[in-house]
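Presented below is the structure to which this report refers.
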Amino acid sequence: IFFFMFNSSNCGTEKPPFGFIGENEFNNSQVFLKTIHIRLHQRNRRKSLTTIQGLGEIFDFEKITKYLKKEFCCNGCVVEDKELGTIIQLQGDQRENSKIFLVKEKIVNKKIIKIHGV
């Protein structure tokens, strides 16, 4: 499953579709490492919401969300915010599942993921 957005500048490259954030695979220069925040928000007594914030804009968030929804058997959506950027929202406590997915698919390095919440 590829979550990488098609870009004419990356046609014909032999590298994987996504690597660690911090590696610019197209010109081999370092990019500022930013932290990926995974938070749990309590909606009411029994319902909660998991948010994933800080992923780079090079990813196709719709495809990632679609895969996460199927994998974790939950609902979710992509929210655009002016200040915070693109945020993935998932129903339920999916913090550990999200972290495992991001590391397993080599989207981000485990060191830059910060888990918040209860």
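Computed from a predicted structure; not experimentally measured. Starting from 1, each residue takes its place in the sequence as its number.
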Identify each donor-acceptor pair in which a side-chain atom of residues 83-91 lies under 3.5 Å from a protein atom, sequence neighbours left out, and give them as a table.
residue	atom	partner	partner atom	Å
T86	OG1	E80	OE1	3.3
T86	OG1	E80	OE2	3.0

TODO: Please assess F101 against E105 for the test side chain to side chain contact (heavy atoms under 4.5 Å, CB included), listing each intermediate value before the final yes or no.
DONE: CA-CA 6 Å; F101 165 77; E105 294 295 329; 3.4 Å; yes

Task: Residues E62, I64; criterion side chain to side chain contact (heavy atoms under 4.5 Å, CB included); working and verdict - done: CA-CA 6 Å; E62 296 295 331; I64 293 175; over 6 Å; no

Task: Test side chain to side chain contact (heavy atoms under 4.5 Å, CB included) applied to H116 and K114, step by step - done: CA-CA 7 Å; H116 305 274; K114 176 93 170 143; 3.3 Å; yes

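Between I115 and E96, some side-chain heavy-atom pair lies under the 4.5 Å cut-off.
Here S98 contributes atom OG and I38 contributes atom CD1; the two are 5.0 Å apart, rounded to the nearest 0.5 Å. In this structure, H37 NE2 and L55 CG are separated by 11.0 Å, a value rounded to the nearest 0.5 Å. Put simply, CD1 on I36 and CD1 on I112 are 5.0 Å apart, with the number rounded to the nearest 0.5 Å. Taken from CG in L68 to CG in N75, the straight-line distance is 12.0 Å, to the nearest 0.5 Å. The distance from atom CD of Q53 to atom CG of D81, rounded to the nearest 0.5 Å, is 8.0 Å.
Counting only distance, with no hydrogens or angles, the side chain of T50 and the backbone of Q94 share a donor-acceptor pair below 3.5 Å. A donor-acceptor pair is defined here as one N or O able to donate and one able to accept, closer than 3.5 Å; such a pair exists between the side chain of Q42 and the backbone of N44.
Cluster annotation: Y67 and I58 are assigned to the same hydrophobic cluster (Ile/Leu/Val/Met/Phe/Trp/Tyr, side-chain heavy-atom contacts under 4.5 Å, transitive). Linking Ile, Leu, Val, Met, Phe, Trp and Tyr residues whenever their side-chain heavy atoms come within less than 4.5 Å places V108 and V78 in a single cluster.
Through side-chain heavy atoms spaced under 4.5 Å, either directly or across other Ile, Leu, Val, Met, Phe, Trp or Tyr residues, I100 is tied to no other residue.
For K70, the side chain to side chain contact (heavy atoms under 4.5 Å, CB included) test picks out K66, with sequence neighbours left out.
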